[in-house]
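A quick note: this is a predicted structure, and the numbers were derived from the prediction, not measured.
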Amino acid sequence: MSGPANGGAALELRDVAKSFGSVVALKSGSLEVHPGSIHALVGENGAGKSTLVKIVAGVHRRDGGVFRLHGKDVDFGSTAESKHAGVAVIYQEPTLFPDLSVTENIFMGRQPLGRMRRIDRAAMYAEAESLFTRLGVSIDPRRPALGLSIADQQIIEIAKAISLDASLLIMDEPTAALSGVEVERLFAVARSLRDEGRALVFISHRFDEVFALCDTVTVMRDGAYISTDKIAETTVPEIVSRMVGREVAELFPKTPATIGEVVLEVEGLRRAGVFHDVSFTVRAGEIVGLAGLVGAGRSEIARAVFGVDRYDAGRVRLGGKQVAAHNPRAAIRAGMAFVPEDRRRQGLVTEGSVARNVAGVIRRGLSHAGLLTSAAENRAAGPWAGRLEVKTNALDAKAATMSGGNQQKVVIAKWLATQPRLLIIDEPTRGIDVGTKAEVHRLLSELAGQGMAIVMISSELPEVLGMADRVLVVCEGRITADLDRADATPEAVMHAATHAGGQASHGDEAPDDHDDHHDHDGATTTEVTA
Amino acid sequence: GGNSDGASGSSGGGKTTVTFLPKNLGNPYFDTSDAGGKAAVDEFGGTYAEVGPDTATPDAQVPFINTAAQQGVDALVISADDPKAICNAIGTAQSAGTKIVTFDSDTSPDCRDLFINQATAEGIAKVQVDEIAKQIGDSGEIAILSAAANATNQNAWIELMKKDLAADHPNIKLVDTVYGNDDDQTSFDKTAALLQAHPDLKGIISPTTVGIAAAARYLSTSEYKGKVALTGLGTPNQMREYVKDGTVTSFALWNPEDLGYLAAYAAKALVDGTITGKEGDKFDAGKLGSFTVGADATVLLGDPYVFDKSNIDKFKF
Amino acid sequence: MTDLMLRPSRVSPVQRAAGTVLRSREVAVAAVLVAVILVTTLKSSSFLFSSDGWRDLLLTPCILVPLAIGQTVVIVTRNVDLSVGSVLGLTAYLTGRLFLDHPGLPIVAVFVIGMLAGAVLGAVNGVLVAFGKVPALVITLGTLYIYRGIFLTWAGSNRINASDMPEGFLNLGTASILTIPVLIIIALVVLAVVGYVLWTARGGRELYAIGSDPDAAKLYGLPVTRRVLTAFVVSGALAGLAGVVYTARYGTVSSGAGYGIELQAVGAAVIGGVAIFGGSGTVWGAAIGAFLLVTINRALPIVGIQDFWQQAVVGALIICAVVLDRVLSVRQARRLVEARELS
Amino acid sequence: MTDLMLRPSRVSPVQRAAGTVLRSREVAVAAVLVAVILVTTLKSSSFLFSSDGWRDLLLTPCILVPLAIGQTVVIVTRNVDLSVGSVLGLTAYLTGRLFLDHPGLPIVAVFVIGMLAGAVLGAVNGVLVAFGKVPALVITLGTLYIYRGIFLTWAGSNRINASDMPEGFLNLGTASILTIPVLIIIALVVLAVVGYVLWTARGGRELYAIGSDPDAAKLYGLPVTRRVLTAFVVSGALAGLAGVVYTARYGTVSSGAGYGIELQAVGAAVIGGVAIFGGSGTVWGAAIGAFLLVTINRALPIVGIQDFWQQAVVGALIICAVVLDRVLSVRQARRLVEARELS
Ligand SMILES: Nc1ncnc2c1ncn2[C@@H]1O[C@H](COP(=O)(O)OP(=O)(O)OP(=O)(O)O)[C@@H](O)[C@H]1O
Ligand SMILES: Nc1ncnc2c1ncn2[C@@H]1O[C@H](COP(=O)(O)OP(=O)(O)OP(=O)(O)O)[C@@H](O)[C@H]1O
Ligand SMILES: [Mg+2]
Ligand SMILES: [Mg+2]
C-alpha cells in the first residue's frame, strides 16, 4: 500500500507556530503525512524545517496550531513522550554518547531486559548486528561511538531511529554526511519501511535525492507553509522558485580561470591507518575537487595538510616553502584557510558573537600593537557576513542561535576574511539551501578567478563535477585517480572511488596496519583481527 | 556557644567588660575555661562575652581582636593561636585602651599585658613523664602523639620531656614523635601507625586533649589495650570512658575552669589598676585566693592535676 | 566486509572478558594496592598478620569507600559533589545527638536516619543542579560552606564523646564477622548494590549516557533531571552513611569532622579510573582507589617514610593515574579509528 | 542587509559602554559590598571610621584578591587551579627561609623570588594540563597535595616567626601610603595590569576564545597550549605573591598556611561573575568578589551574627551569585535572539 492520499494522516500539523523570544522561527507550519508515504520537506536555511521537526519530536512546545498524530490531538512536552507515541527522529546534528558502545547508543533507555530487569547484553548486540547488516555497514557493535566519522555517526543515528520501529520516522538531512552507497542503502531501508505502511518525513537540500525517494513534497519558506505536491506532478525549478520566492541563478556558474603557478604541493603524506602516500599539487586559480566515498579519508587528508592532525610521513609545501607539520598557526601564516566539515564542533566559537567568530582568525591583522577593539572586529566582519547574507543584523549576536545554514556561512566568512592563498573547504554546501549554495559556488569560482587556489572536498558528485578543474578521487586513504575536468565523468569518478585500487590497496594496506598495531598496542589487535 | 553580643560590649558603662577569645570555638577545653571566666566575671559583676574563630589558624583571631577593640571592651582574655600573628592587632587594641590577658598559650611577652600560665612547661613535661614512667615500670620504648608539627607549646613540652627522660629515666627510649594535627581522624590513624611501626612500644604520651582521646579510642579497641600505656593531657569528659574500661590509668591536666577564673580576675585587676603586670604585683582571685605576678608578667596557676579512676567522676568538663 | 563485521563477535565471550579484565583499570590499581601491602608486610609482618593489622587494613577505608562510591555516581553524570565532607560532618554529629537526645534508639534506626539526612542534603544539591541548571562544582562548593556552617552552629561548643554513645554502637567500630569488620562489610554491600545497578540497570546506564553527552541525552528523551537528582541523592545518602560510620569508628565528633575529605573522595575516584568529565569509570575502580589511598597513608610511616610525605604521595598517585588514563585513551582512540579503517 | 551589518557600529561606543556597565555583574557585586560596609558601619562606626577599621577593611583582602585574579585567568580558559593554597603556603614558608638563610636580602628581591617560585609551581600545572591534555581539576588536585606535602616536609617542625624577619618587611604588613595600605596597593596594581591585558591585549582575548571553545580555538590557529600554560604561570606567580604578602601581614608561617583557601579563591571568582566553564568573566568582578567575601567575614561578628554562621553565609553568597548568573544569562540569550528578529 504505497498510495499516500487515502487513509487518515499519520501526522497532521496545521498552522503550527513557534517563536524563540520574539524570533518567529515558525509562522504557520503545516504538514500532512500519510502512512506508507515518504514525504519530503524542503526549504531554505532557516525556513523552519528543523524547528517543525523538533516540535513533532517534543523538543520544543508549539505556541499555537493543530498537532495531530494518527488523528489524535497531541502535545509533547518531552522527546520521551513523542518516542513513546511512536515517533522516531534523526536530528540534523548527530547526538551520540561517545563513551558508550554503539549498541548502547542505539538501545539506550529501552535495552532488552532479562531476569530481574537486568539488561540482556547478548540480545542487544545481536539485534545491533542485524541492524547493521540491514544497513549494510560494518561496525563492531561493541566499539564506543568515540572516533566515528560524522558519516559513521549519521549511520548510527539511522540505525537508532529504525530500531524504534516507529509509525512515524522523521529524518532531518540524514544524507548530509553520507554519499553514494550509504545513501542508496538508506533509501532501500526507507522504502521497505514505507512498504510496511509507516510514514516517513525526509528533509534534504539535495533535489536528486528528494525526487528519487519521496512521493510527496512540502515546501516551506520563512517559517510558513507554501505548497504540497505529488513528486510526479512537479519539477525542480518549480520547487526551487517556491522555496526561494524568486528564480534562482544557474547552480554551478563555473567561470574558467587562468591557472597560475603551483601553490600547494603535497608529497607522500601518510598517516598510519587513515591515509597513505598521498601526493598532489594545486595551482593558483585552480579548483581541485576531492571526491570519494564517506570515510575515504578526504577530511583527514585535509586536516593533516592544514596541520590540525599529525601525519607520520610526507611533506607539505605552500608556494615552495615547507609548512610545519601539525601546526595550524603555521599553516594560516603561510596563507592557508580551512573550512572544516563539522561546523558544529570545529567551525565556530558558538558562544562568541558573529563578529568575534568572523574576526577570530585575522586578529593578527586587526590588532594594532596587540590591542583589539570590537569596532575593528565589526569592520572586518561586516562585509563578508553581508556578502554571504548571514541572516543576522547584530554582529554581536551569538552564533549559537543561528540555523544550520547560517552557521556554515559564518564559518566561510570567517576564513575568507583572512584572504588566504589556499582555501581548503570541506563539504562547502552541506546543509546549505539552494540560494546560498549558488552564492557559495559563485564565490568559490570568483575567488579562483582572483587567483586563489582551492581544494574542495564534496560528497555531492554534481557539485564536484560542476566546480572542479581537476578531480582527485580518494579511496580507502589513497588517491586512486586524478581526472581533468574534461574526462571527469560520474562513471569515471565512481569507478575510481569504489573498485579501482580498492583491491590492490587492501593487499599492501594490511602490512602497515599490522606493524602499526605493534607500534602501540599489541592487545588491541585481538579486538579486530584475532 | 559564643554569644558574641557586640552591643553590650560597647554600651557597657561602669561594668568591666571582659571578652574571652579562645583558640577556637567548639573546643570543650576552652568552653570549660571560659565557663570559669564567666563565673568569675559574674562574681565581680562585670560583663562577659566569648567570641572566636571556628578553626585555629594563625590569623583567625585577628578580626575578633579588632572588633573587640572597636567595641572598646575593657579586657581581652586570649589563648593565642599564634605567638606573633596577632601581635599587631593586640597592639592596636591596647592603644584603644583594651587590656590584654593571655592564657593557656601565650603570645610573645612584649605583646600582651599579662599571661596566666596554666602550669610551667617544666611542670607539664614532668608530670607526663612521671606518669608514663610509673605505668611502664621506668623502662621501654615510648612515643609521643603531638598536635601540629609546629605547635609552639607542644614542641616546648616535648623538648623538656626529652631532657627529663635523658636525665632521670635512662631506660626509657623515645622512639618516635608523630603529629595528629588535633584532628580526631588523623590522631586515631597515627596511633594505629605508631603501634604498627613499633611493635615493642610500651607507652604513648599525647600532650593534647584531642590526641589523647583519639589514641585512647584506638587502644581501647585494639589488642594493645592494657599492654601499651597511654597518658598525656586530656579532659575528664573525653577520657572517662577509657579510664573506666582500663585503657588509661591516669592522665594530667590543670583545671581549665580555675584557669579561666584566674584569668578573669587578673583582667579585672589590670582594668582596675590594682596591678600593672610588673613582677611582685599581688592581686586577689576570688575562691582561688591571692596570686603574685612572676617574671615577664606571668601568673602561675599551679601544678598540673592528675586524673584517675578515683577522682575522675568529680569533674564534669 | 561482512565477515570483518562479524569477526569481533566470533571472539568467545570468555576470551573477550579476559581481555577486557586484563586491560582494565581496576586490575591495574588493585595490583598497585597489593604491591603496597606486600612491601609493607615484608617490612613489618604485623601490618597484615597481626589481628589488629589485618583489621585496620580492612577497617580504615570504611569511611572513604562510601564517599568514593557516591562521588563516582555523581561524577559519571559529568557533575561533582564537593559537599560530601560537610554532609559527613553534619550527619556524624547528628548521630551523636540522636544517642544523646533519644537514648535507646535502635542502632539500625540511627543508620537509617543518618542516611536519610544525608539524602536530603544531597537532594538540595541535586535540585539546585538539575533544575537550576547551574554547574555542580559551584553549587556544591556553596553547600560545602553552608552545611559546614550549619554543623558548626548546631554543634556550637558541644562535641560528641565516646561516653555519650551506647556500647553496642561503639563496638560496631571494631566488631567483625569471620575477621571481616562489620563496617567494611556495610561498605562492600553498598558497593555491590551500586555497582550492580550502574552496570545492568537502565537507570544506571542512563547516568553514563547523561555524563557522556548531556545535550544528546536530553534530545534522546532520557529523564536527565530526575537521574542527576538521583545521583546527588545517592551521593548524599552515602555521605550520611559515612557520617554514621565515622562516629561508630572514632567514637568522637568535633567540629573538624570530615573537613577536606571531599577532595580525597574525588581523588580516590580519579585514581580508580573515573573520568572527571563523566561518561566512564566504575564504582569498583573508585572503591579500590579509596582502599589504595587509605592504605598508602597507613603504609608510609611503617616503611619508614616520614609522614609529611604522605600528602605528596597521594598527589603523585592522582597525577600518575590521570596521566595514565590520558595515554591509554589516546591509544584507544587511535585503535578505534584503525578498527574503523580496517572494516 | 549591508546597512544592517553596519548597525552595531552606529550605536555610539559611549552608549554601549554605559549600557553594559549598568547591566554588568561587577556593579551588582560592588553594590552588595557597599551595602555590607554601610550596615556594619551603622552598627559600629569604627568599622569604617577608626583608622584601624579603615586599614583592615582595605588590608584584609590583600591575600585573597591576588588569588582570585589568578584563579580567574585560569578559569576563563575553561580550567581551574586548586593548587594555589599549597603554592601560597610553600612560598610563604620560602619567604621566611630566605630571610633566615640570607639575612639582608632586599625585600624587593624576596617578592621577586616568591613570585618566580610560584610561577615555576604554576608552570608545572600548566605543562601537565596544556601538554598532557589532562583535566586541570585533577592535575591541580594532585599538585595541591604534592606542594602541600613538600611544604610540610621542608618545614618539618620549624615555623617562621616574626623574630626571624627584618622589621622593614614586617612593617610592610601595616605600612600605608595616604592611608591606603601598601599590600592592597600591590594587589590593586596587579589587578589593573592583568585586567588591562585580559581586556585589550590579543593574548588576553585569546584566553577567552580558548575558554569558550577550545576545539575551534585550535582550528583558528590560536596558540592554545602556550596560552593555557601562561594562564597557569600567572596564577602560580600571583599565588606566590600572595604567599609573600601572607608572611608580611601575619609575620608567621605555620604548616596550616593557605590551607583550603583555593576554594575561597574559586568562590570569589564565581561571586564576581566568572563563568566556571570559561569564556566569560572579568578579574574586576573576581577582585570585588574577594573583597566581599573577606569583608562579610569581618562584618558578621560585628553585626552580632555568630561566627559559626560565616561559612554558611559565604556558601549562600556563592549560590545566589551563580543562580543569579543563570537567570541573567537566560535573559540575555533571549535578548540576543530578539535582536536578530529585526533583520
Ligand atoms: N533554539 C533557538 N533559539 C533561537 N532561534 C532559533 C532556535 N532554533 C532555531 N531558531 C531560528 O529559527 C529559524 C528556523 O531554524 P531551523 O533550524 O528550523 O531552520 P532550517 O529550516 O532547519 O534550516 P537548515 O536547512 O539550515 O537546517 C532560524 O532563523 C533559526 O535561527
Ligand atoms: N573525529 C574522528 N576521530 C577518529 N576517527 C575519525 C574521525 N573523523 C574521521 N575519522 C576516521 O577517518 C577516516 C576518514 O574519515 P573522513 O571523515 O575523513 O572521511 P571523508 O572522506 O571526509 O568522508 P566524509 O567527510 O564524507 O565523512 C574514517 O575511517 C573515519 O572513521
Ligand atoms: Mg535544519
Ligand atoms: Mg569529510
Side-chain angles (χ1 to χ4, degrees), chain A residues 57-59 78-84 89 91 94-100 104-105 108-111 113 116-119 121-122 125-126 129 132-133 137-144 146-149 152 272-274 295 297 476-477 509 513 516-517 520-521 523-524 526-530, chain C residues 1-11 13 15-16 18-20 22-23 76 196-197 199-206 208-224 275 277-281 327-343:
Chain A
V59 177
S78 79
T79 50
E81 292 175 31
S82 68
K83 205 186 265 179
H84 192 71
V89 180
Y91 297 98
T95 57
L96 296 181
F97 308 120
D99 304 291
L100 303 186
E104 280 202 288
N105 266 287
M108 180 54 64
R110 46 190 188 84
Q111 299 94 335
L113 296 180
M116 301 168 50
R117 299 189 46 75
R118 65 193 298 278
I119 294 170
R121 284 196 158 64
Y125 289 128
E129 272 172 11
F132 290 144
T133 338
V137 291
S138 61
I139 298 175
D140 176 358
R142 285 179 176 78
R143 71 161 282 155
L146 174 81
L148 293 174
S149 68
D152 300 327
V274 182
E476 284 161 357
E509 191 174 333
D513 274 312
D516 189 51
H517 285 305
H520 29 271
D521 198 350
T524 62
T526 57
E527 280 237 324
V528 194
T529 44
Chain C
M1 195 137 190
T2 350
D3 67 12
L4 258 170
M5 173 185 69
L6 296 178
R7 202 171 281 170
S9 38
R10 285 232 198 85
V11 183
Q15 268 175 291
R16 177 179 292 103
T20 0
L22 284 183
R23 255 185 277 98
V76 154
Y196 181 83
V197 169
W199 178 240
T200 59
R202 281 181 180 173
R205 301 314 298 167
E206 289 179 7
Y208 283 90
I210 292 166
S212 185
D213 184 339
D215 305 342
K218 196 132 193 48
L219 270 184
Y220 198 98
L222 301 183
V224 177
F277 287 136
S280 77
V327 174
L328 291 184
S329 70
V330 167
R331 242 192 217 175
Q332 196 215 16
R334 190 175 309 151
R335 203 175 70 237
L336 287 172
V337 176
E338 282 150 13
R340 190 72 198 97
E341 176 79 358
L342 271 179
S343 54

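Rounding to the nearest 0.5 Å gives a distance of 9.0 Å between CD1 of C:I210 and CE of A:M108. Note that CD of A:Q111 is 8.0 Å distant from CZ of C:R205, once rounded to the nearest 0.5 Å. Here A:L100 contributes atom CG and C:S212 contributes atom OG; the two are 5.0 Å apart, rounded to the nearest 0.5 Å. Of the inter-residue distances, the one linking C:Y220 atom OH with A:K83 atom NZ reads 4.0 Å to the nearest 0.5 angstrom.
Looking at C:A275, there are no atoms closer than 4.5 Å to chain A (heavy atoms on both sides), in backbone or side chain. When heavy atoms are compared at a cutoff of 4.5 Å, C:A209 approaches chain A by way of both its backbone and its side chain. For a residue to count as touching a neighbouring chain, one of its non-hydrogen atoms must lie under 4.5 Å from one of that chain's; by this rule A:R121 touches chain C with the side chain only.
For C:F277, the side chain to side chain contact (heavy atoms under 4.5 Å, CB included) partners are D:P135, not counting sequence neighbours. Residues passing the side chain to side chain contact (heavy atoms under 4.5 Å, CB included) test with C:A216, sequence neighbours excluded: A:T95, A:F97, C:D213.
Remark: A:R110 CZ is packed, more than 12 non-hydrogen atoms of other residues, nucleotides or ligands lying under 6.0 Å away.
When A:T79, A:N105, A:L113 are compared by the number of non-hydrogen pairs under 4.5 Å with chain C, A:T79 comes out ahead.
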